[in-house]
Amino acid sequence: MAEEAPHLLEKREKKERRTGLPELKNAEKGKVVLRFAPNPNGPMSFGHARGIVINGEYAREWEGELILRFDDTDTVVKPPLVHAYDDIPKEAEWLLGYAPHRIVIASDQIPHYYEHAERMLRSGFGYVCQCSGEAFKVFRVDKTECPCRPNSPELNIELWGKMLDGTFKPGDAVVRVKTDMTLKNPALRDWPALRMQDTANHPHPRPGIGSKYRVWPLLDFQSAVEDHLQGVTHIIRGKDLMDSTRKQTLLYEHFGWTYPETMYWGRVKVHEWGGFSTSQMRRDIEAGLFTGWDDPRLPTLSALQKRGITAEALRAFWVELGVTQKDISVPLSSLFSHNTKQIDDEAPRLAFIRNGEQVTLSGEHPTSIEVDVHPNHPEQGKRAFDLTPPHVWLESQDLGKGSLRLKGFADLHITDRTGEIQSIDRQDNRPIVHWLSEAQSVDGTLIMAEDGELIELHGKMEQHNYPEGTMVQLERIGYGRVLSPTVILFSHS
RNA sequence: GCUCGUGUGGUGUAGCUAGGUCCAUCAUAGUGGGUUUUCAUCCCGCCGACCCGGGUUCGAAUCCCGGCACGAGCACCA
């Protein structure tokens, strides 16, 4: 028993609550290789961030490497975008806090895939199939072998040549991996590895690639071969790719390779956004429905960045969700609360008066007032309000309250547009409101993205010299990011 | 239809591999209060969950069987 089940004899250690990411199986410090493989066919979305963060954090934790791989092997259905090849690495570095260790572009690796395809054909575990997709579907359902399956390696090589030289046209032939047509899972039966694409009419957008190749690998073949070439040890991906793992494992067995450890995550939806598709976003942006990839209404990484969501908040958010296979739907407030923790301690306070009404002060009062830039950090300095012209701006909503206290200044009673100073010290529990001196006010705009709409609130804003990109807290409104001296993009409350 | 996977509070998540120490963790949301001259931050409290039914066992969130629900794959897309 001691040999067969030693754990039964041991006293089990007290369980400790796990924090952070689940443990990586079979991982060795310094020898872990992970990859994140997006298709550069559109903006990096919120969802892509999960792939970057989870893989990237594991790489960090295990002192391993992270490969950023562009799976750009479809020029017709999902044509790549040239500038994505530049944008994605930058966004990945921003999000991770380090640059991916390696960048691999599938369209640069075609010769390697050809070489493996040929090896497959010569070794007899792959064949060129001239059945139509429709026809093959019948074989797959009926668990019967297609007539091309018994082709000799010699014939396969000959047919492969016809694919390469263009004798065959797209749709005429594909290369299949020979698995077993009686496999329980229909998805695994003799799956397609490479097909032809009309790159004359649909050239690959990268210079040097263009119409160079007629035959292109499909995801399962390309990914499997590339993972092996790069020495990937762990694959973490969506559970929609579970059957891909099984297909690729079959291919690895043919080649005599060992498949990496694999983990999956489920689908994530954001309450406020619902489902979103890269292709749809790309169409909408191209149609001018949005200002660009970073339009604050979009669930793209660049939009979130522009909106002032920090990389740290995004990382904390995704790590907290972990790597479970459940399909989940999360509220944005969860991300925002992480962001608040990141920015509040630094964010200077600023007044923004929506629907401003000017009020003239009457009675004795100082000619200038100073308040803290940050209530918890006096060392950040003071904000000065000059009251020589005795005019202040208040939000019209607050005006109706009659008696109120101007934050850090005085108790006021308002009738019409006149504010009678009743006391400089606080005398009672009247509501405290934010305000702005006429002398320090400028016309400002607060841009808010709500329910898919872009709303511009025009109001009176406190003068400031904060550079673009500064995260500020608008008193009683919420956090925002400085876009220009007079424009602030609302982040969240 | 076939195949695969997942079901813990409103939302996420820990615990499940090796059953007890779990009247079930943490976070977020909600709610009540404290600090604060912001409806911010911070602090304290409360609220609220093991999909259902059997079985094994002294003991089941955890193991077994059967349901049910939800999701995904079955593309010459990724």
Side-chain angles (χ1 to χ4, degrees), chain A residues 5-10 12 14-19 22 37-41 71-74 76-78 106 129 131-134 136-137 140-141 143 170-176 183-189 191-197 215-216 218-220 222-223 237-247 264 266-268 271 278-279 316-317 320-322 324-331 333-338 340-341 343-345 347 349 351 371-372 374-377 405-411 425-426 429-435 473-479 493:
Chain A
H7 57 269
L8 293 179
L9 301 177
E10 285 170 18
R12 196 172 169 185
K14 186 164 185 171
K15 290 174 213 162
E16 281 206 12
R17 302 284 175 197
R18 209 201 79 229
T19 53
N39 182 336
N41 71 329
D71 281 351
D72 57 346
T73 55
D74 187 305
V76 181
V77 183
K78 295 186 171 175
C129 173
C131 302
S132 69
E134 286 290 298
F136 192 84
K137 190 173 182 176
R140 179 170 48 234
V141 173
K143 301 186 180 181
D172 289 349
V174 299
V175 176
R176 291 187 182 282
L183 249 22
K184 261 174 56 175
N185 187 340
L188 312 185
R189 298 170 195 158
W191 52 272
L194 303 98
R195 73 351 188 147
M196 299 185 66
Q197 293 192 101
V215 178
W216 286 79
L218 269 337
L219 168 84
D220 287 307
Q222 179 271 131
S223 180
R237 59 181 169 202
K239 69 172 182 178
D240 52 314
L241 262 22
M242 275 182 164
D243 284 344
S244 272
T245 299
R246 298 181 183 105
K247 288 189 219 174
Y264 308 94
R267 238 187 143 65
V268 175
H271 287 169
T278 297
S279 332
F317 172 85
E320 186 172 62
L321 293 194
T324 66
Q325 291 185 28
K326 276 201 278 186
D327 297 320
I328 57 176
S329 182
V330 291
S333 59
S334 176
L335 173 64
F336 292 159
S337 89
H338 282 292
T340 298
K341 286 185 175 68
I343 62 178
D344 181 76
D345 209 44
R349 270 47 177 173
V371 301
D372 286 332
H374 189 122
N376 304 344
H377 297 286
R405 177 162 183 84
L406 304 190
K407 185 172 173 293
F409 175 24
D411 288 351
D425 293 324
R426 188 167 191 194
N429 286 328
R430 62 183 69 192
I432 297 165
V433 303
H434 66 297
W435 58 282
Q473 193 213 58
L474 302 178
E475 291 175 317
R476 300 209 299 149
I477 297 175
Y479 301 90
S493 50

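In the text below, chain A, chain B and the rest are named by the order of the sequence lines, each starting its count at 1.
- The closest side-chain donor-acceptor pair between Y264(A) and D240(A), if any, does not fall under 3.5 angstrom.
- Counting only heavy atoms from C-beta outward, the side chains of R349(A) and P375(A) approach each other to under 4.5 Å.
- Residues R195(A) and W216(A) meet the side-chain proximity criterion, which asks for heavy atoms closer than 4.5 Å.
- In this structure, U11(B) forms a base pair with A27(B), meeting either the Watson-Crick or the G-U wobble geometry with both donor-acceptor distances under 3.5 Å.
- Using a 4.0 Å heavy-atom cutoff across all strands shown, T73(A) reaches sugar-phosphate atoms only and no base atom.
- One interatomic measurement links the two molecules: CG of L241(A) to P of U6(B), which rounds to 16 Å at whole-angstrom precision.
- Taking atom NE2 of residue H338(A) and atom P of nucleotide U41(B), one finds them 14 Å apart after rounding to whole Å.
- Taking the ring axis of F136(A) as reference, the NZ or CZ atom of R189(A) does not stay both within 45° of it and closer than 6.0 Å to the ring centre.
- Using a 4.5 Å heavy-atom cutoff, the side chains of T73(A) and L219(A) are not in contact.
- Note on R195(A): a side-chain N or O is less than 4.0 Å away from OP1 or OP2 of A78(B).
- G48(B) makes up no base pair with any nucleotide shown, lacking Watson-Crick or G-U wobble contacts both under 3.5 Å.
- With a 3.5 Å ceiling on both atom-pair distances, the Watson-Crick or G-U wobble partner of U3(B) is A72(B).
- Of the side-chain N and O atoms in K341(A), none sit less than 4.0 angstrom from OP1 or OP2 of A27(B).
- Nearest nucleotide to the D74(A) side chain, out of C77(B), U38(B), C76(B): C77(B).
- For K78(A), taking side-chain heavy atoms from C-beta onward, the closest of the listed nucleotides C42(B), C4(B), C77(B) is C77(B).
- Within 4.0 Å of Y479(A), counting heavy atoms only, lie sugar-phosphate atoms of the nucleic acid but no base atom.
- No hydrogens or angles considered: nothing links the side chains of H374(A) and Q473(A) as a donor-acceptor pair under 3.5 Å.
- Across all strands shown, G53(B) pairs with C65(B); the Watson-Crick or G-U wobble distances both stay below 3.5 Å.
- With RNA chain B read from its 5' end, the first of the two nearest nucleotides for T324(A) and R405(A) is the one closest to T324(A).
- U41(B): no Watson-Crick or G-U partner with both key distances under 3.5 Å is found in any strand.
- Residue P192(A) is classed as a sugar-phosphate contact, given heavy-atom separations below 4.0 Å to backbone atoms only.
- If you find the closest nucleotide of RNA chain B to K407(A) and to S329(A), the one lying nearer the 5' end belongs to S329(A).
- Rounded to an integer number of Å, the gap from NE2 of H377(A) to P of U38(B) is 15 Å.
- For S329(A) and R267(A), the side-chain atoms include no donor-acceptor pair closer than 3.5 Å.
- Base contact: L219(A) has a heavy atom under 4.0 Å from a base atom.
- Counting any heavy atom pair closer than 4.0 Å across all strands shown, L183(A) reaches no nucleic acid atom.
- Separating the P atom of G45(B) from that of U25(B) is a span of 14 Å, rounded to the nearest Å.
- Here the separation of G73(B) from U57(B), taken at their P atoms, is 43 Å to the nearest Å.
- If you measure from atom CG of L335(A) to atom P of G12(B), you get 15 Å, rounded to the nearest angstrom.
- With a cut-off of 3.5 Å on both pairing distances, the Watson-Crick or G-U wobble partner of G20(B) is C58(B).
- One atom, CD1 of I328(A), and another, P of U8(B), lie 11 Å apart when rounded to the nearest Å.
- Nearest nucleotide to the side chain of I432(A), out of U41(B), U37(B), C74(B): U37(B).
- The distance between atom CZ of F336(A) and atom P of C39(B), rounded to the nearest whole Å, is 21 Å.
- For U35(B), there is no paired base (Watson-Crick or G-U wobble, both distances below 3.5 Å).
- Of the candidates C4(B), G73(B), A78(B), C4(B) carries the atom nearest the M242(A) side chain, counting heavy atoms from C-beta on.
- A close approach under 4.0 Å does not occur between any side-chain nitrogen or oxygen of K137(A) and OP1 or OP2 of C74(B).
- The base of U38(B) sits within donor-acceptor range of the side chain of Q473(A), with an N or O pair under 3.5 Å.
- A sub-4.0 Å separation between OP1 or OP2 of C74(B) and a side-chain N or O of K184(A) is absent.
- Remark: the separation of the C1' atoms in A61(B) and C22(B) is 8 Å, to the nearest Å.
- In this model, the phosphate group of U8(B) is approached by a side-chain N or O of K326(A) to a distance below 4.0 Å at OP1 or OP2.
- One can find a donor-acceptor pair under 3.5 Å joining the base of A40(B) and the side-chain atoms of R349(A).
- Taking atom P in both A27(B) and U36(B), the straight-line distance is 25 Å, to the nearest Å.
- Using a 3.5 Å distance cut-off with no hydrogens or angles, the side chains of D243(A) and N185(A) do pair a donor with an acceptor.
- In this structure, G408(A) reaches the bases: a heavy-atom distance under 4.0 Å links it to at least one base atom across the strands shown.
- Side chain of S333(A), nearest nucleotide from U11(B), U28(B), U6(B): U28(B).
- Distances from the side chain of D327(A) to the nucleotides G71(B), C2(B), U38(B) place G71(B) closest.
- Protein atom CD of Q197(A) is 7 Å distant from nucleotide atom P of A78(B), rounded to whole Å.
- Going from the C1' atom of G54(B) to that of C2(B) covers 28 Å, rounded to whole Å.
- Distance D345(A) CG to U41(B) P: 12 Å, rounded to the nearest Å.
- At the heavy-atom level, S244(A) lies nowhere under 4.0 Å from the strands shown.
- With P as the reference atom, C74(B) and U31(B) are 45 Å apart, rounded to whole Å.
- For the side chain to side chain contact (heavy atoms under 4.5 Å, CB included) test with K247(A), the passing option among L218(A), L241(A), L188(A) is L188(A); the others fail.
- When heavy atoms are screened at a 4.0 angstrom cut-off, D71(A) is found touching the sugar-phosphate backbone but no base atom.
- Each of A78(B), G71(B), U38(B) was ranked by its minimum atom distance to the side chain of E475(A); first place goes to U38(B).
- Remark: C77(B) base-pairs with no nucleotide in the shown strands. Criterion, Watson-Crick or G-U wobble with two distances under 3.5 Å.
- A14(B) and C47(B) have their P atoms separated by 24 Å, given to the nearest Å.
- On the P atoms, U62(B) is 14 Å away from G55(B), given to the nearest whole Å.
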Verify side chain to side chain donor-acceptor pair (under 3.5 Å) between R237(A) and T245(A), making sure each step is shown before the conclusion. CA-CA 10 Å; R237(A) 59 181 169 202; T245(A) 299; 2.7 Å; yes
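- The side chain of L218(A) lies closest to A78(B), out of A40(B), U6(B), A78(B).
- Proximity note for R246(A) (side chain, C-beta onward) versus G5(B), U3(B), A78(B): the nearest is G5(B).
- Taking only side-chain atoms of N185(A), from C-beta outward, the nucleotide of G12(B), U3(B), C39(B) with the closest atom is U3(B).
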